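First the structure, in the form of structure tokens, and then the observations on it.
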Amino acid sequence: MAEGQLLSLAQQVVSGLSAGSIYALLALALVLIYQSTDVVNFAQGEMAMFTTFIAYTLLTWYGVPFLPAVALTLIFAFLLGYLVERVVVRPVEEAPALSVVIVTLGLYSIFNSVAGWVWGYVPKGFPSPIPGGTVRFFGLTVGLLDLWILGCALVIMVLLHLFLRRTTLGTAMRATAHNRTAARLVGIPVGRMLSLGWGLSAALGAVAGMLAAPKIFLEPNMMAGVLLYAFAGAVLGGLGSPFGAIAGGLLVGVIENLLGALVATELKAGLAFFMILAVLVVRPQGLFGTVRRRKV
Amino acid sequence: MLRLERVSAAYGRIQALRDVSLEVPAGSVVALLGANGAGKTTTLRVISGLLRPTAGAVYFDGRRIDRLPPEAIVRLGVAHVPEGRQVFADLTVGENLILGAYARRDRRNISADLERVFNLFPVLRERRKQLAGTLSGGEQQMLAIGRALMARPRLLLLDEPSLGLAPMVVREIFRTIRRINADGTTVLLVEQDANRALQVAHTAYVLRTGQVVLAGPAAELRRNEALRRSYLGY
């Protein structure tokens, strides 16, 4: 292969990593909610979009400075997640898993349409703390924004891992997701843990949305494609580990890009579904997951 | 220490307990016997707050507890080792034990209590970093008991600790129950193996279809051939 071809292939990988880092961020939020409540939240992307609009509103309508706006958005996102669990999810918590899935699908369209109603469907620019330029590494062009997103994703991955594995609260949240009766018996307030899980993952989703928005533009459907790929990434890496979510998200981004460049762009859309299916058939626990033991 | 007064409980429309009254004096081991479906597990679930009684009252240290959530009851000093052990299979042995102390406020003494559990069950120390789901049935039972002890209970509720375990393991579990009681923890023990339970218990209650049909000192029940045959089936 000529050097030029190799370089262009490498450039495709770099672009894939750039897209993949956004999938990875949202996949982290999916992992957090799964680890703390045993639910896969299909509204995760829409909640991220909705809270990013809150940040946008604070920034552009009310002229709040960047960092305070981010802080307020995180608080809002946490409360939103907390309340959604309390009001909407709690009543079906004892019901079969399918009911919860349906509820999250309902939330998906509620957040989507409310955002469209309030903010409209015209894509909006979102400010970034990072300048737009690029840097060159070994002949490859890498966006500064992409490096920033990837760096943030890695930092969040480490923090999330430490939270889930090293803190008593994180351990209690995992315990609640795995066995609610036993969690109750050791004195864990199960309801509060579930609300916290929703709150924290909504806040994490807001981070993902705010990081992604300067790159993919802010509009009510911005997360539709992202969620699908994030979900594929989370399943690929294993819903149980933050590391798996990052690796899976990046891998999905790279494969998507290479497939688009080398085979056919039309296949990109089906890819996420294909990967979800393939992983579920061949290795249900994901590439980096451990087998989940269910008590009878 | 613990008193149930005419407690009734139901799962939906199915009546599981009817007018159950019983008493567990401080420092004792009380056995709750009966066939499958007699209401033994339901009684424990009512005490630990997993199930609200439809009538009657539960008192712990003179305080009414039957309207409290499980986490408040644990904090008062009642720990429940549930049927089927219910360890956190995806968490390590160490994490399971630490969570046992979740409801406690005195975080300082946790490492001393961990040491006490490891002394009672040395195998748990060896397997500290292992996922609880990879333990054998007997080891999981030890972990479930150890986890409950981490709450520093004054009353320990044990649901069928011998179920499905090899005779040698059962013997070890019962030896430990004696030791826990000797160290000052009151025990309410649910068992199908009435013979074994009557050997450790001071008093016993026999349940049948949700009602107490017999109560008395364990030694007396053990001698009473007719009662044994009709109610305990051995």
Side-chain angles (χ1 to χ4, degrees), chain A residues 31-39 86 90 93-95 161-197 238-244 284-286 288-296, chain B residues 41 44-45 47-51 68-92 94-105 107 110 129-135 137 140 143-144 146-153 156-157 159 164:
Chain A
V31 164
L32 176 55
I33 199 158
Y34 182 72
Q35 283 278 289
S36 58
T37 69
D38 210 21
V39 162
R86 258 291 142 86
R90 185 71 59 94
E93 219 127 52
E94 299 298 320
H161 175 84
L162 291 176
F163 171 72
L164 287 173
R165 300 278 151 179
R166 292 287 143 87
T167 68
T168 306
L169 182 61
T171 310
M173 287 171 80
R174 281 190 294 139
T176 303
H178 295 167
N179 189 334
R180 287 195 193 162
T181 304
R184 279 202 177 95
L185 286 179
V186 298
I188 296 171
V190 164
R192 203 181 312 153
M193 290 298 137
L194 297 174
S195 304
L196 267 179
L239 275 164
S241 96
F243 174 70
Q285 71 270 36
F288 305 98
T290 47
V291 184
R292 185 85 165 246
R293 261 159 286 270
R294 289 245 172 240
K295 291 297 298 175
V296 279
Chain B
T41 294
L44 294 193
R45 287 171 60 88
I47 297 168
S48 63
L50 287 177
L51 186 69
L68 297 179
E71 63 260 30
I73 295 173
V74 181
R75 228 173 278 134
L76 288 175
V78 181
H80 182 172
V81 180
E83 193 181 20
R85 320 191 237 286
Q86 309 275 344
V87 296
F88 300 114
D90 298 337
L91 271 56
T92 65
E95 286 172 335
N96 268 272
L97 291 173
I98 293 294
L99 284 181
Y102 190 86
R104 271 170 56 177
R105 300 223 168 87
R107 305 248 138 221
I110 286 177
K129 306 246 174 226
Q130 226 168 291
L131 290 185
T134 65
L135 301 182
Q140 287 192 14
L143 178 57
R147 184 179 67 186
L149 289 177
M150 289 300 291
R152 277 234 178 154
L156 185 65
L157 312 175
D159 198 344

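Model, not experiment: these values are computed from the prediction.
For chain A, the nearby parts of Leu99(B) are the backbone and the side chain; heavy atoms of each come within less than 4.5 Å.
In this structure, Asp90(B) and Arg174(A) have side chains that are not in contact, with every pair of non-hydrogen atoms separated by 4.5 Å or more.
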Sequence neighbours left out, cut at 3.5 Å: what donor-acceptor pairs do the side chains of residues 163-172 of chain A make with other protein atoms?
from      : atom 1 : to        : atom 2 : distance (Å)
Thr167(A) : OG1    : Phe163(A) : O      : 2.6
Thr167(A) : OG1    : Gly170(A) : N      : 2.9
Thr171(A) : OG1    : Thr167(A) : O      : 2.7

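Taking every heavy atom of both residues into account, Ala103(B) and Gly187(A) meet most closely at CB-CA, 4.1 Å. Listed here is the closest heavy atom pair of Tyr102(B) and Pro189(A): CE2-CD, 3.7 Å.
By the 6.0 Å contact criterion, CZ on Arg192(A) is open, its count of non-hydrogen atoms from other residues, nucleotides or ligands being 12 or less.
Between His80(B) atom NE2 and Leu185(A) atom CG the span is 6.0 Å, to the nearest 0.5 Å.
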